[in-house]
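One structure is given here, and the rest of the page talks about it.
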Amino acid sequence: MTRPLPALLFDAADTLLELTPAFPELLSVSWLGAEGAPSAQDVREALWAIGAEGHWPDDEPDADARLAMWTAFFHDALRRAGGADSHAAAQRAARYALDPAHYRLYPDVLPCLDALRAAGHQVALVSNFDGWLRDILAAHQLTERFDEVVISSEVGFEKPRPEIFALTCRRLERSPAECVFIGDSLVVDIDGARDAGMHPLLIDRYGRFPDHPGPKVSSLDTLMDLVSSLPLVTTEDAR
């Protein structure tokens, strides 16, 4: 019997798409001017520290509450990165970041997704995001490229909780062992997918994790070749 092709599950932010300018530039002097942090790298390190503490904004369906939450988040990031202690500057950045029109796809995304689907792979999106992610997906003709789109704010739990991975598997009618998860976060994506029984694959677009011991790509250009070489254990293999 022919072994089934694995399903490919993707994170969204910093895996398939990014704000432009990205958060580090948005909060630096290059966009905020005198109220911004000295450099994008200073912001990047502040965001990494906040992420390691688990303090990124939660899902928030109410637009006003979402703006307030992201303003507070950016305010904290600005202070940590050496920028101005300015609520107004943080709010300007938050309004910009919450506009779907300001997001772009990485250039390798559409060719990769189209090649995977043409080869017969199921493809899904699993993201910790608010529902307005769907506006971003639609604007970039991404919605129709996924067999399933699972967004944390809509299903009630976030990565790395196993429920969101298990729900996606049920919708795809696949076992976790038949799924490869591609994401940029070691804790939320890689550890979460592994703990859920999937095959995690790190995408490290900015060289943050040079010592990562597991499968890794720096772009999606090589994903097809790497997936074909992974030692996947599927449901049929276990029988």
Sub-4.5 Å side-chain heavy-atom contact between Leu220 and Leu16: yes
Would you say His212 and Ile190 make side-chain contact, with heavy atoms under 4.5 Å? yes
What pair of heavy atoms forms the shortest contact from Leu110 to His140, and how long is it? CD2-O, 4.3 Å
Count I, L, V, M, F, W, Y as connected when their side-chain heavy atoms are under 4.5 Å apart, and connections chain through other members. Are Leu167 and Leu172 then in the same cluster? yes
Which pair of heavy atoms, one from Ser175 and one from Cys179, lies closest together, and at what distance? O-SG, 3.5 Å
Arg194 and Asp191 ion-paired at < 4.0 Å: yes
I need the Arg170 CZ to Glu163 CD distance, nearest 0.5 Å. 9.0 Å
Distance from Leu226 atom CG to Leu201 atom CG, nearest 0.5 Å? 5.0 Å
With sequence neighbours excluded, what pairs up with Asp184 under the side-chain contact (heavy atoms from CB on, under 4.5 Å) test? Asp11, Asp14, Thr15, Asp189, Ile203, Arg208
Check the hydrophobic clustering (I, L, V, M, F, W, Y; side-chain heavy atoms under 4.5 Å; chains of links allowed) and say if Leu186 and Ile50 are grouped together. no
Mark yes or no for whether Tyr103, through its side chain, and Leu98, through its backbone, hold a donor-acceptor pair below 3.5 Å. no
SG/Cys169 to CD/Glu178 distance, rounded to the nearest 0.5 angstrom? 9.0 Å
Rounded at 0.5 Å granularity, tell me how far CG in Asn128 sits from CZ in Phe157. 11.5 Å
Just wondering, do Leu9 and Val150 contact through their side chains at under 4.5 Å, heavy atoms? no
Heavy-atom side-chain proximity of Arg205 to Asp108 below 4.5 angstrom: yes
Between Asp147 and Arg171, does any side-chain N to carboxylate O distance fall below 4.0 Å? no
Do the charged groups of Glu35 and Arg92 touch, with an N to O distance under 4.0 Å? yes
For Thr20, all residues meeting side-chain contact (heavy atoms from CB on, under 4.5 Å), sequence neighbours excluded: Arg104
Min side-chain heavy-atom separation Leu223-Leu116 under 4.5 Å: yes
Parallel, tilted or perpendicular: which one describes the rings of Phe73 and Trp56, with boundaries at 30° and 60°? tilted
Do the side chains of Met198 and Phe146 join up, straight or via other hydrophobic residues, at under 4.5 Å, putting them in one cluster? no
Going by side-chain contact (heavy atoms from CB on, under 4.5 Å), name the residues that satisfy it together with Thr71, two or more places apart in sequence or in a different chain. Leu67, His87, Ala90, Gln91, Ala94
Test item: Cys112 and Met224 side chains (from C-beta on) under 4.5 Å apart, heavy atoms: no
What are the two closest heavy atoms between Phe165 and Val188, and how far apart are they? CZ-O, 4.0 Å
Could you tell me whether the side chain of Val109 reaches within less than 4.5 Å of the side chain of Leu17, counting heavy atoms only? no
Ser153 side chain vs Phe129 backbone, donor-acceptor pair below 3.5 Å: yes
Quick one: closest heavy-atom pair of Ser127 and Ala12, and the distance? OG-CB, 3.5 Å
Side chain to side chain, Arg161 and Ser152, heavy atoms closer than 4.5 Å: no
Report yes or no: do Asp42 and Ser39 form a side-chain donor-acceptor pair below 3.5 Å? yes
With Phe74, the ring pair (Phe, Tyr, Trp, His ring centres under 6.0 Å) member among Tyr96, Trp31, Phe23: Phe23
One should read off an interatomic distance between Ile151 CD1 and Trp132 CH2, to the nearest 0.5 angstrom, of 10.5 Å
On a heavy-atom basis, which atom in Pro200 and which in Ala193 lie closest, and how many Å separate them? CB-CB, 4.2 Å
side-chain contact (heavy atoms from CB on, under 4.5 Å) evaluation trace for Arg145 with Val123: CA-CA 8 Å; Arg145 285 178 162 89; Val123 181; over 6 Å; no
Correct closest heavy-atom pair for Pro57 and Met69 would be CB-CG, 3.8 Å
Which distance, rounded to the nearest 0.5 Å, do you find between the CG of Leu78 and the CG of Leu27? 5.0 Å
Hey, quick one: are Leu142 and Leu19 part of the same hydrophobic cluster, counting side-chain heavy atoms closer than 4.5 Å, chains of contacts allowed? yes
Answer yes if Leu105 and Val217 sit in the same cluster of Ile, Leu, Val, Met, Phe, Trp and Tyr residues linked by side chain heavy atoms under 4.5 Å apart, and no otherwise. yes
Just by distance, do the side chain of Lys216 and the backbone of Asp204 share a donor-acceptor pair under 3.5 Å? no
Crowded around Glu53 CD? As in, over 12 foreign heavy atoms under 6.0 Å? yes
His121 side chain to Pro6 main-chain N or O, any donor-acceptor pair under 3.5 Å? yes
